[in-house]
Amino acid sequence: MGKVYYVSKNVGLAILALAATALITIVALSIAYNSEKTKNLSNHGGGVADTGTPLPPTTPFIPKDPWDHYRLPTSLTPVSYNITLWPRLEPGADGVYAFTGRSAVVFRCAMATDLIILHCNKLNLTSVRGHLAELSGLDGAAVPDIQRTWLVERTEFLVVQLRGRLTAGASYILQTEFRGELADDLEGFYRSEYTENGVKKVIATSQMQATYARKAFPCFDEPAMKAVFNVTIIHSRDTTALSNGQQIYSRDSVIEKTPVRVTAFEPTKRMSTYLLAFIVTDFSYNQFNQSDLLVRIWAQREAIERGHGVYALNVTEPILRFYQKYYNSPYPLSKLDQIALPDFNAGAMENWGLVTYRETALLFDPQLSSTGNKERISTTISHELAHMWFGNLVTLRWWNDLWLNEGFASYVEYLGVDYAEPSWNVKDHIVLYEMQRAFAVDALASSHPLSRGEEEVNTPAEITEMFNTISYNKGAAVLRMLSKFLTEGVFVVGLSSYLNTFAFNNTDHSDLWNHLQQAVDKTPGLEIPHSVKDIMSRWTLQMGFPVVTIDTRTGNINQTHFLLDPDSVVGRLSQFNYIWYVPVKWMKNGVEQEQYWLLQKSASVDQMRVSGEDWVLANTNVSGYFRVNYDQDNWDRLINLLSTDHQTLPAINRAQIIDDAFNLARAKIISTKLALRTTKYLSKERDYIPWESALGSLNYFILMFDRTEVFGPLQAYLRKQVRPLFEHFRTLTANWTIVPANHNDQYNQINAIDMACSVGVKECGELIKGWYRRWMEKPSHNPIHPNLKSTVYCKAVALGGVEEWDFTWQMFRNATLASEATRLRSALACTKIPWLLNRYLEYTLDPTKIRKQDASSTIQYIYSNVVGMPLAWNFVRERWSYIFNQYGKGMFSFAGLISGITKRFSTKFELQELEKFKEDNLRVGFGSATMALKQAIEKTTANIKWVTDNKAEVLQWFTEEAT
Ligand SMILES: *[C@@H]1O[C@H](CO)[C@@H](O)[C@H](O)[C@H]1NC(C)=O
Ligand SMILES: *[C@@H]1O[C@H](CO)[C@@H](O)[C@H](O)[C@H]1NC(C)=O
Ligand SMILES: *[C@@H]1O[C@H](CO)[C@@H](O)[C@H](O)[C@H]1NC(C)=O
Ligand SMILES: *[C@@H]1O[C@H](CO)[C@@H](O)[C@H](O)[C@H]1NC(C)=O
Ligand SMILES: [Zn+2]
């Protein structure tokens with residue numbers, strides 16, 4: 001799945017918090033396993049009897065029967081399905097939007113059994129001769145009678161108990177007929193509504209990952225239960241049906257006296273249920289053919305007419321070409337559809353051959369979209385297309401290895417974009433967007449290893465919890481490191497051998513290690529100190545990462561588990577005692593040295609001993625997933641180098657020096673003053689990546705101090721540092737009349753304006769207010785460049801009053817382009833007027849004002865504002881049970897909500913409030929936010945300590961440096 005993007009790169013300084021410190025929780029398929037569900041425990045065959053009252057959540061449930069376990073028995077394996085679905089895009093007489101369907105699954109019996117268990121959730125099965133399913137044999141296999149069939153709500157199973165046993169080696173067909181609700185819950189087969197030219201439209205679409213295919217038809221809903229799917233969709237004649245394969249026919253027909261069209265699709269390849277997709281819309285498309293491959297971009301008719309699909313189409317072609325070459329494997333299907341949906345929970349979903357996207361992740365308007373929008377579109381497409389092979393063609397056996405699937409796509413997405421847009425330098429962005437975010441979460445004592453044991457991940461909620469920052473971002477960082485120390489060439493040889501060996505099958509992570517190892521063994525001259533598996537185990541089986549310290553006075557190099565809070569206690573044991581095999585790339589006086597492998601706690605390296613003017617820099621190009629510390633002398637030399645000749649160091653290392661220093665200071669390994677000194681050279685820095693990194697690092701100071709007396713001097717210092725950048729861009733853009741040519745300069749222009757306005761550079765405020773006034777005077781003509789809109793809207797609302805807010809709200813209501821609507825929705829949260837913010841919070845519970853899919857992020861925008869934070873906290877506390885129950889079934893990123901809303905917490909009082917909140921809501925529960933709540937308490941505790949220890953020193957430093 002793609003990530004749900006936090007806030008775009010340019011939404012305002014306070015929001016930058018998300019970039020550096022937030023646990024960006026990705027993908028909000030939260031499952032409510034609240035007490036409601038325990039009401040209906042199965043009372044068949046010795047389960048817990050239904051007592052009529054909810055059981056307290058602490059009552060242990062002891063699974064006895066096969067249907068009490070969440071995993072399917074391995075006695076049966078599906079071979080293929082016939083599925084016919086008929087979604088009704090108008091409500092029936094009972095007011096319910098429904099779909100009906102029929103499914104036949106052919107399965108093989110691997111081990112004799114008298115039980116058939118498959119997944120089925122929220123479907124009303126039609127009873128035939130007293131049973132919920134019909135069984136027949138294939139090739140003359142004898143069929144035992146059905147004794148009983150029933151549904152188990154807790155484990156989401158359909159159980160068929162037979163009077164006799166199925167024969168090992170024989171094949172059978174199980175048929176079902178069912179009716180389900182086409183709900184607007186964004187899960188399984190669901191409906192999405194939108195208006196087009198004032199007319200309400202309904203579409204049927206689907207999201208199966210991770211466990212929702214079972215809500216569309218009864219199936220063996222586990223990734224290793226691959227099968228062939230023959231899909232037929234019945235729909236009205238003015239719509240089009242899409243699925244994973246190409247259509248083989250589409251005919252008019254009359255069913256139940258209704259004129260319909262019946263569209264059948266070619267059989268799919270052997271694939272997992274979570275990659276299926278079914279869509280019925282009246283959308284139109286752009287297309288091209290690449291050899292025999294049909295590629296289409298689908299969206300609402302108006303968007304296609306206006307050409308909003310063209311960029312996606314343009315960029316898909318080279319990205320596909322790149323992956324075919326990179327994987328050394330042709331695109332496995334005969335077509336590729338990509339579709340922009342008005343209601344969609346994840347950022348995007350890699351359904352095989354029919355990829356679904358949020359509109360903002362696929363549609364580009366050359367007049368209205370920004371550079372950031374463009375990069376998001378290309379990276380999302382690149383991420384999803386990477387999965388067409390890695391994930392779809394070869395699939396991890398179980399969700400405990402999710403990190404490998406998502407981490408891999410999150411890494412290679414940068415390679416695909418780099419091929420399609422070579423001038424962007426996006427490969428460097430991985431340091432900002434993947435590594436630094438992973439570091440932030442993985443430095444907590446409550447982090448967890450990338451890889452989990454298969455037995456630790458069972459329930460839908462446990463599966464959902466795997467879609468987190470560690471899986472995506474740390475996964476990407478660790479795989480990038482692997483590719484760097486093996487070298488890219490060897491990495492792709494192993495990768496392609498893995499994909500070709502396991503095509504249409506399932507694997508676990510050790511299969512990838514084996515194939516990479518074979519590639520290493522075949523490469524003369526490539527030496528790694530241990531096997532790929534042994535090296536990687538250190539990074540995947542133990543949580544966290546090391547800080548590598550080089551003492552250039554002695555040549556000593558050592559590693560320690562890096563923890564943001566040095567007093568935190570790591571409860572999790574590691575079989576490796578938190579020692580990693582660390583590939584240390586490094587340079588001396590600007591000259592790259594031979595890579596050094598740090599394999600134990602500490603070692604002595606003569607070449608690292610330097611003196612005089614000589615300096616050492618480790619982790620060049622930030623290729624390793626670790627932080628670096630030095631002795632004071634070397635730090636001084638590096639800081640000196642930054643202020644005299646910063647371009648000697650690669651830009652991503654300048655960025656990393658700042659990020660490392662700030663985090664080392666937070667962990668009390670170096671002084672806060674030393675960290676702050678790494679920002680002194682910024683008045684000379686013009687590059688985007690170091691600035692972005694610095695803003696992320698400084699953001700922690702802003703969050704901790706923007707309600708205190710430190711904030712005045714802090715702002716004054718930043719004003720001094722950012723003014724030259726602001727002036728630089730004023731010149732570069734001929735007094736703000738043109739756009740910088742370079743992609744990264746475009747981003748940094750946004751930073752310059754955003755920062756300058758945030759810290760009160762007067763000309764900046766004037767510039768912004770001028771632009772906004774011109775727009776308000778003539779709403780049909782927006783004078784603000786798309787790149788700058790997010791920032792300008794936000795600052796104008798912040799500096800303005802009710803009139804600006806109302807105008808922005810009006811523009812939001814009128815916006816037709818999704819990304820424009822998002823900017824405006826985010827800007828509305830920037831006002832400093834409390835009653836406006838409170839009213840806006842209430843709007844998030846009213847779907848006619850704020851769409852359900854946007855509720856969570858709107859609250860996030862509000863709490864990112866220093867004035868909005870306490871209001872949002874009260875709002876969420878008061879209504880937790882309501883929000884949780886209303887939205888608990890998939891709309892909300894609860895984990896992101898909790899970690900975000902508490903990110904300024906730094907007083908004892910706030911900690912008490914947080915603990916009370918936890919206590920008060922134990923009964924309601926926290927679902928997928930359980931871990932985030934624990935982390936929030938840990939972080940608040942650390943913040944209290946940090947503020948107590950540092951406030952006086954920081955105040956003094958900013959006061960001195962501000963002048
Ligand atoms: C689906 O189609 C394939 C190819 O035509 C066929 O072999 C398979 O038996 C079909 N599946 C079912 C359940 O009929
Ligand atoms: C699946 O559908 C095909 C085509 O309609 C049909 O020939 C076949 O018998 C069906 N298979 C089963 C098991 O119903
Ligand atoms: C399924 O059955 C339940 C109970 O009879 C009913 O309330 C519900 O509306 C049915 N769902 C559909 C989609 O028909
Ligand atoms: C798409 O590609 C065409 C042909 O190269 C080019 O003219 C057009 O500007 C591109 N459009 C976008 C939005 O990138
Ligand atoms: Zn993904």
Side-chain angles (χ1 to χ4, degrees), residues 1-5 26-27 29 40 85-88 91-101 120-127 132 151 153 177-183 185 188-191 207 209-210 215-216 274-275 286 288 297 303-304 306-318 346-352 355-357 361-371 373-375 377-392 395-396 399 402-413 416 420-421 434 466-468 471-473 475-476 786:
M1 219 177 313
K3 302 161 220 197
V4 164
Y5 274 64
I26 318 257
V27 184
L29 304 176
N40 290 313
L85 292 171
W86 184 4
R88 311 301 204 283
D94 51 0
V96 173
Y97 287 86
F99 65 92
T100 51
C120 180
N121 186 24
K122 296 187 181 151
L123 294 175
N124 290 350
L125 295 172
T126 309
S127 190
L132 301 177
L151 296 165
E153 194 165 333
E177 264 191 53
F178 47 88
R179 186 181 158 85
E181 187 184 349
L182 198 66
D185 58 359
F189 201 23
Y190 69 90
R191 88 174 181 278
Q207 166 65 32
Q209 195 182 29
K215 197 167 156 279
Y274 81 87
L275 294 169
N286 293 123
F288 72 80
I297 305 291
I304 293 297
R306 292 187 181 177
H308 296 177
V310 174
Y311 179 67
L313 200 64
N314 276 6
V315 83
T316 294
E317 196 266 333
M349 176 63 212
E350 70 266 23
N351 313 302
W352 215 6
V355 187
T356 45
Y357 294 85
L362 195 67
L363 303 182
F364 180 79
D365 181 335
Q367 262 77 55
L368 295 177
S369 303
S370 67
T371 309
N373 296 141
K374 202 170 191 177
E375 185 171 328
I377 291 164
S378 57
T379 46
T380 312
I381 290 176
S382 186
H383 179 103
E384 303 311 326
L385 297 193
H387 280 311
M388 297 297 117
W389 289 260
F390 202 102
N392 298 10
T395 311
L396 274 320
W399 300 109
L402 181 85
W403 78 270
L404 186 50
N405 192 24
E406 292 305 347
F408 187 87
S410 302
Y411 167 48
V412 299
E413 71 184 51
E421 299 283 6
E434 311 297 328
M466 298 300 290
F467 290 83
N468 59 36
S471 295
Y472 281 77
N473 303 47

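Start at 1 and go down the list; that is how both ligands and their atoms are numbered.
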Got the closest protein heavy atom to [atom], with its distance?
atom	result
atom 1 (C) of ligand 4	Asn314 ND2, 1.4 Å
atom 13 (C) of ligand 4	Tyr311 CB, 3.8 Å
atom 14 (O) of ligand 3	Arg179 NE, 2.8 Å

Which class fits the ring pair Phe467 and Tyr472: parallel under 30°, tilted 30 to 60°, perpendicular over 60°?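 Rings of Phe467 and Tyr472: tilted, as their planes differ by 30° to 60°.
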In Glu406, what N, O or S atom is nearest to the Zn ion (ligand 5), if we give its atom name?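 For Glu406, the N/O/S atom sitting closest to the Zn ion (ligand 5) is OE1.
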Using a 4.0 Å cutoff against the non-hydrogen atoms of Val310, which atoms of ligand 4 qualify?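 Ligand 4 atoms under the 4.0 Å threshold to Val310: 1 (C), 11 (N).
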For [atom], decide whether some protein heavy-atom distance is shorter than 4.0 Å.
atom	answer
atom 7 (O) of ligand 3	no
atom 11 (N) of ligand 3	yes
atom 4 (C) of ligand 3	no

Would you give the angle at the Zn ion (ligand 5) between His387 atom NE2 and His383 atom NE2, to the nearest 10°?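 With the Zn ion (ligand 5) as the vertex, the angle is close to 100°.
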So do Thr126 and Phe178 actually touch side chain to side chain, heavy atoms under 4.5 Å?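 The answer is no; the side chains never approach within 4.5 Å.
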Does either side chain, that of [X] or that of [Y], offer a donor lying less than 3.5 Å from an acceptor on the other one?
X	Y	value
Asn351	Thr356	yes
Glu406	His387	yes
His308	Asp365	yes

If the cut-off is 4.0 Å to any non-hydrogen atom of Glu181, which atoms of ligand 3 fall inside it?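 Going through ligand 3 atom by atom, the ones under 4.0 Å from Glu181 are 13 (C).
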Report yes or no: is the cationic atom of Lys215 (NZ for Lys, CZ for Arg) under 6.0 Å from the centre of the six-membered ring of Phe189, at an angle within 45° of the ring normal?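 Verdict for Phe189: no cation-pi partner in Lys215.
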Does ligand 3 come near enough to Asn124 that some N or O of the ligand is less than 3.5 Å from an N or O of the residue?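 Yes, Asn124 has an N/O under 3.5 Å of an N/O on ligand 3.
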Out of Met388, His383, Met349, which residue meets the side-chain contact (heavy atoms from CB on, under 4.5 Å) rule with Val355?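 The option that passes is Met388.
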Looking only at heavy atoms, what is the nearest atom pair of Arg179 and Ala98, with distance?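 Minimum heavy-atom contact is NH2-CB, 3.6 Å.
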